[in-house]
Amino acid sequence: MTAGHAHHDGGVPTWPWAALLPLAAFLALVWGLARHDLPWHLTLPWVPSLGVELAFRVDGLSALMLLLVTGIGALVFVYADGYLEHEPRRGRLFLLLALFMLAMVGAVSADHLLVLFLFWELTSLLSFLLVGFNHEDARARAGARQALFITLGGGLALLAGFLLLAQMAGSWSLREVIAQGPALAQDPRLPAALVLVMIGAFTKSAQFPFHFWLPNAMAAPTPVSAYLHSATLVKLGIYLLARLDPAFNDLPLWEIGLIGTGALTAVWAAALALRERDLKRILARTTVAALGTLTLLVGLPNPGAGLAVVAFLFAHALYKAPLFMVAGNIDHATGTRVIDHLMGLRRAMPWTAAVAILAGLSMAGLPLSFGFVAKDVVSVAKADADLINLVSYSLVAVNAVAVAVAGVAAIRVFWGTAEHPLGRIREVSWKMLLPPLVITLVGLEAEFLPDLNAPLLIAAAQAVSPGAVFEVSASYQFGSLLTATEITLALGLVLFLAWDRLHRAWRRLLWLDRHGPAAGFEHLLHAIPRLAAWLTRHLQHGRLAGYARLTLVALLALGAAAWLLDAPGWPAALATPAQGAAWLVASLLILAGAGAAVLLRDRLALLMASGLVGYGSAVLFLFAGAPDLAFTQFAVETVLVVVAAAVLPHFRRQSPELSEPRLRNGLIALAAGLGSLALLLSLEARPLDPALSDWFARTSLPEAHGRNVVNVIIVDFRALDTLGEIAVVAFSLLAALPLLAGLRNRGAGT
Amino acid sequence: MILALYLAIAATVAAGVYLALSRDLFRCVVGLAVLGGGVNLLLFAAGRLGPLAPPVMAAGEPALAAGAANPLPQALVLTAIVIGFALLAFSLVLAARLVKAAVFEDSDRLRATEPPPKDAVKPEVLD
């Protein structure tokens with residue numbers, strides 16, 4: 001935070017007491033664990049009408065996650081207070097961190113599927129705000145947006161999966177779903193539900209092909225990276241998979257999905273770690289690799305895998321968070337995280353170097369650290385599962401990269417001689433040294449005093465693999481396991497020594513940047529506005545005839561769909577009217593007018609053809625019991641002649657030959673005509689509902705004192721509508737007046 | 001007989017649609033008028049044709065005779081005819097005014113309010 005030094009006014013208040021909130025939660029949790037047996041239950045009514053209640057259940061796995069969230073949370077608060085010493089907006093950061101902690105606490109202890117989903121999405125939202133904390137930085141904004149899209153999108157898939165699971169199990173309770181898990185295997189909806197849940201968990205835990213948001217989220221302030229992106233948020237997906245594992249462990253889909261995705265993620269991320277130069281991004285890549293390994297372990301069918309999962313999860317949080325803090329300390333002291341510029345820092349920053357060595361040891365999985373226990377257990381699980389050898393070998397490679405990265409973070413930057421001395425570097429304040437030191441020491445304590453946390457790990461493991469008996473031991477087992485460890489260490493050493501050469505070779509493969517999943521995601525983002533623009537161009541093109549075509553086709557499609565859904569049928573016989581001859585004449589007049597209107601190109605003739613349709617209609621009205629209509633129609637057609645005489649001179653005599661899609665227009669017109677014919681015939685087949693007509697006929701004399709029912713309807717029953725109609729005619733006249741004035745004024749141009 | 005009438009109505013609707021889809025502004029407006037007339041006839045026929053007596057009570061009778069025509073569609077169509085006339089008259093004047101200002105009758109070229117886009121993505125107003 002070199003930019004922060006600009007505000008060296010000392011006026012920014014410090015917030016050491018902010019850490020008291022997570023610390024109090026942590027202590028309360030420890031006190032509760034010591035006093036009360038697991039599991040704990042808490043249920044509060046929330047939306048009883050929808051069956052939603054705030055149901056929480058804390059078992060071993062939840063307790064482990066809660067301890068990590070609150071314990072590391074308290075130390076991250078202290079660390080952030082030192083790291084953001086000169087940041088005026090740090091009150092905001094503490095608020096967001098505290099809210100995030102609460103969301104995590106809710107997510108890992110919720111028993112109701114919808115409540116779990118709610119807290120899950122809350123963590124995504126808060127992660128967005130935290131990653132984008134330095135919102136003036138374009139990279140921070142881009143990283144935050146990417147993380148939000150991917151994790152919220154995955155959250156929606158998760159919701160769909162939860163809805164399916166709840167439907168199948170008939171209960172919203174997570175515990176109930178897990179209890180019914182094996183019985184659901186026959187349900188045809190189960191594969192869809194599991195795939196959706198896996199997508200949700202994979203996006204959250206940065207599994208391939210959604211892995212790229214995690215390295216890009218490294219634009220976040222380092223306390224956020226240490227808290228969210230190593231210890232808590234990204235473990236939420238693993239937590240959910242581990243939680244559901246007892247129910248679906250035997251299903252091939254679950255097993256193959258988790259093992260395949262996990263192995264692919266681990267190998268891919270480990271390989272990409274070699275391409276990075278930024279210490280934080282290197283650590284982020286190895287975090288993705290560790291998450292892949294965890295996913296793979298959850299997928300293993302062996303019951304011993306449960307202990308492996310929780311042990312590795314615990315160990316990873318305890319070494320990765322301090323390593324992120326080390327990277328933050330280096331950044332804070334030197335202003336850079338690029339490993340090429342960092343050498344020989346051990347004299348200037350001895351305490352940071354000590355923390356880095358201890359955490360690096362744990363990451364490399366060397367003896368004397370909890371990481372070794374975890375890796376030991378992992379090896380046992382793998383051997384028991386009789387896994388495909390390829391996956392085993394690939395994990396050896398992944399672990400070797402972890403060893404090499406531990407070497408880079410712990411040795412390379414602190415030892416050796418700097419090529420470009422960075423000037424005077426000072427060790428960071430105690431607030432930034434104590435938290436990583438404490439977390440690392442907890443990791444070491446786990447090695448020397450396994451009795452302290454073995455009950456916790458075993459309780460957590462039993463939630464993942466119920467019924468299994470576990471024993472945590474750190475004893476050396478000679479034979480294949482030790483050999484595997486030795487091979488890993490030797491390979492890691494080679495990678496560490498050849499780091500720069502490998503990096504240069506890898507870096508040259510530029511197609512990875514152009515065609516990887518991250519690039520694909522960006523392409524997708526850019527394709528959305530392009531698609532929107534294309535649609536707008538084709539729907540909103542500014543051509544009147546096109547609009548009319550589109551509207552008509554949509555209307556006809558709606559009508560056709562209504563017809564298909566509820567075909568009204570055809571009339572048995574058509575009624576023969578009494579005034580047949582008069583109607584026939586009217587019909588012929590109308591037909592002739594319609595035909596002539598289509599064929600004639602002279603404007604006056606066109607107008608007359610349309611008048612023919614009108615006069616034909618008037619004749620029909622006259623002989624169908626509607627004299628009022630006939631008179632009105634005659635009057636209108638006559639007045640139109642006057643209007644037309646006024647405007648026709650302004651048009652050319654003949655309509656110009658414009659290129660038009662005549663066939664398409666003709667087909668649309670034909671469809672409209674056939675549609676109205678079908679409508680008329682089907683109306684004949686249905687009984688007429690005379691209720692309204694009868695009511696008007698009955699009441700027009702007694703209530704309105706009128707004998708002409710049509711007139712009574714218009715001027716009395718619907719008087720207000722008629723007033724509106726008169727207003728419309730008046731307004732159109734008012735609007736036409738200035739236009740007519742403009743037409744008269746021939747010399748005025750526009 | 002009534003089938004001939006139905007065919008005439010359908011032909012009117014089809015002719016109206018065909019004319020309304022034209023790029024020529026005048027044909028388009030006349031098409032709207034023809035289409036309106038066709039829809040009026042359709043509405044009228046939907047109230048059933050048959051009784052020939054106008055829906056008017058003879059003096060001294062308290063209610064409509066049994067053989068009278070359906071008054072409801074007549075009232076609706078009467079309103080529609082008047083509104084349609086106002087629309088047509090105004091449209092004709094407006095079209096004439098537009099043609100006078102723009103010198104051509106092609107509605108595709110009347111683009112003063114929606115000019116063709118220049119940028120492939122950005123809408124015109126945001127520039």
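Residue numbers begin at 1 in each chain, while the letters A, B, ... track the order of the sequences.
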Practice prompt. Please state whether the side chain, the backbone, both or neither of Arg664(A) comes within less than 4.5 Å of a heavy atom of chain B.
Written response: neither
Item to complete: Enter the distance from Ser617(A):OG to Asn40(B):CG here, rounded to the nearest 0.5 Å.
Response: 8.0 Å
Fill in: Distance-only side-chain donor-acceptor flag, Thr79(B) / Arg718(A), under 3.5 Å
no
Worksheet, complete the sentence: Ranked by heavy-atom pairs below 4.5 Å to chain A, first place among Leu72(B), Leu21(B), Val17(B), Val13(B) goes to Leu21(B)
Fill in: Region of Leu640(A) that comes under 4.5 Å of a non-hydrogen atom in chain B
both
Fill in: Rounded distance [0.5 Å steps], CG in Leu5(B) versus CG in Leu680(A)
8.0 Å
Discussion item. Given heavy-atom pairs under 4.5 angstrom as the criterion, report whether the side chain, backbone, both or neither of Phe623(A) touches chain B.
Written reply: backbone
Worksheet entry | Arg97(B) side-chain N/O to Pro738(A) backbone N/O, donor-acceptor pair under 3.5 Å | no
Item to complete: Go through the atoms of Arg48(B) and report whether side chain, backbone, both or neither lie under 4.5 Å from a heavy atom of chain A.
Response: side chain
Discussion item. Using a 4.5 angstrom heavy-atom cutoff, name the option from Asn70(B), Val39(B), Leu25(B) with the most pairs to chain A.
Written reply: Asn70(B)
Worksheet entry | For Met57(B) against Ala697(A), the heavy-atom pair lying closest together | CE-O, 3.7 Å
Fill in: Heavy-atom closest pair, residues Val34(B) and Ser610(A)
CG2-CB, 3.8 Å
Item to complete: Could you have a look at Glu660(A), Arg698(A), Arg543(A) and say which one has the most heavy-atom pairs with chain B under 4.5 angstrom?
Response: Glu660(A)
Item to complete: Supply the atom-to-atom distance Gln633(A) CD to Phe85(B) CZ, rounded to the nearest 0.5 angstrom.
Response: 11.5 Å
Worksheet item: What option among Asp106(B), Val99(B), Leu78(B), Leu88(B) has the most heavy-atom pairs under 4.5 Å with chain A?
Response: Leu78(B)
Practice prompt. Begin from the C-alpha positions of Leu544(A) and Asp108(B) and carry the test side-chain contact (heavy atoms from CB on, under 4.5 Å) through to its verdict.
Written response: CA-CA 7 Å; Leu544(A) 187 64; Asp108(B) 277 10; 5.6 Å; no
Fill in: Toward chain B, the part of Leu679(A) with a non-hydrogen atom under 4.5 Å
side chain
Practice prompt. Measure distances from Leu600(A) to the heavy atoms of chain B and classify the residue's part below 4.5 Å as side chain, backbone, both or neither.
Written response: backbone
Worksheet item: Looking at Val30(B) and Leu607(A), what are the two nearest heavy atoms and their distance?
Response: CG2-CD1, 4.1 Å
Fill in: Atom group of Ser659(A) that falls short of 4.5 Å from chain B, counting heavy atoms
both
Worksheet item: Hey, does Leu681(A) have a side-chain heavy atom less than 4.5 Å from the side chain of Leu3(B)?
Response: yes
Discussion item. So which residue, Ile668(A), Asp628(A), Thr632(A), Leu606(A), ends up with the most heavy-atom pairs under 4.5 Å with chain B?
Written reply: Leu606(A)
Worksheet item: With only heavy atoms counted, which part of Leu584(A) is less than 4.5 Å from chain B, the side chain, the backbone, both or neither?
Response: side chain
Practice prompt. Check the pair Ile9(B), Ile590(A) against side-chain contact (heavy atoms from CB on, under 4.5 Å), reporting the backbone distance first and the verdict last.
Written response: CA-CA 8 Å; Ile9(B) 296 175; Ile590(A) 296 172; 5.9 Å; no
Worksheet item: Using a cut-off of under 4.5 Å for heavy-atom pairs, which of Ala69(B), Gly31(B), Ala96(B), Ala15(B) has the most such pairs with chain A?
Response: Ala96(B)
Worksheet item: OH of Tyr547(A): more than 12 outside heavy atoms within 6.0 angstrom?
Response: yes
Practice prompt. Taking all heavy atoms of Gly673(A) and all of Ala10(B), pick out the closest pair and write down the distance.
Written response: O-CB, 3.4 Å
Discussion item. Heavy-atom pairs under 4.5 Å with chain A - which of Pro71(B), Gly37(B), Gly47(B) has more of them than the others?
Written reply: Pro71(B)
Discussion item. Less than 4.5 Å apart, side chain to side chain, heavy atoms only: is that true for Asn665(A) and Ser22(B)?
Written reply: no
Discussion item. Taking side chain as everything from C-beta outward and backbone as N, CA, C, O, which of these in Leu701(A) sits under 4.5 Å from a heavy atom of chain B? Side chain, backbone, both or neither.
Written reply: both
Response to the item:
When rounded to the nearest 0.5 Å, the distance separating CD of Gln74(B) from CG of Asn708(A) is 8.5 Å
Worksheet item: Measuring heavy-atom distances to chain B, does Leu733(A) have an atom under 4.5 Å in its side chain, in its backbone, in both, or in neither?
Response: neither
Worksheet, complete the sentence: Taking every heavy atom of Ala46(B) against every heavy atom of Leu683(A), the minimum-distance pair comes out as CB-CD1, 3.6 Å
Worksheet entry | Within-4.5 Å side-chain heavy-atom neighbours: Arg27(B) and Arg601(A) | yes
Item to complete: Identify which part of Glu637(A) has an atom lying under 4.5 Å from any heavy atom of chain B, answering side chain, backbone, both or neither.
Response: neither
Worksheet item: Quick one: does Arg662(A)'s side chain get under 4.5 Å of Tyr18(B)'s, heavy atoms only?
Response: yes
Worksheet item: Any idea which of Ala95(B), Pro55(B), Ala11(B), Ser107(B) has the most non-hydrogen atom pairs under 4.5 angstrom with chain A?
Response: Pro55(B)
Worksheet item: Side chain, backbone, both or neither: which part of Val636(A) has a heavy atom under 4.5 Å from chain B?
Response: both
Worksheet item: Is the shortest heavy-atom distance from the side chain of Leu92(B) to the side chain of Leu648(A) under 4.5 Å?
Response: no
Worksheet, complete the sentence: The reported gap from CD in Glu105(B) to CG in Leu658(A) (rounded to nearest 0.5 angstrom) is 8.5 Å
Worksheet, complete the sentence: Under 4.5 Å to a heavy atom of chain B? For Val613(A) that would be side chain
Worksheet item: Non-hydrogen atoms of chain A under 4.5 Å away: do they reach the side chain of Leu41(B), the backbone, both or neither?
Response: side chain
Worksheet entry | Under 4.5 Å from any heavy atom of chain B - which part of Phe651(A) | both
Discussion item. As an exercise, state the distance from OG of Ser587(A) to OH of Tyr6(B), rounded to the nearest 0.5 Å.
Written reply: 11.0 Å
Worksheet entry | Residues Asp24(B) and Arg603(A) bridged, charged N to O under 4.0 Å | yes
Discussion item. Need one label for Leu588(A): side chain, backbone, both or neither, based on atoms under 4.5 Å from any heavy atom in chain B.
Written reply: neither
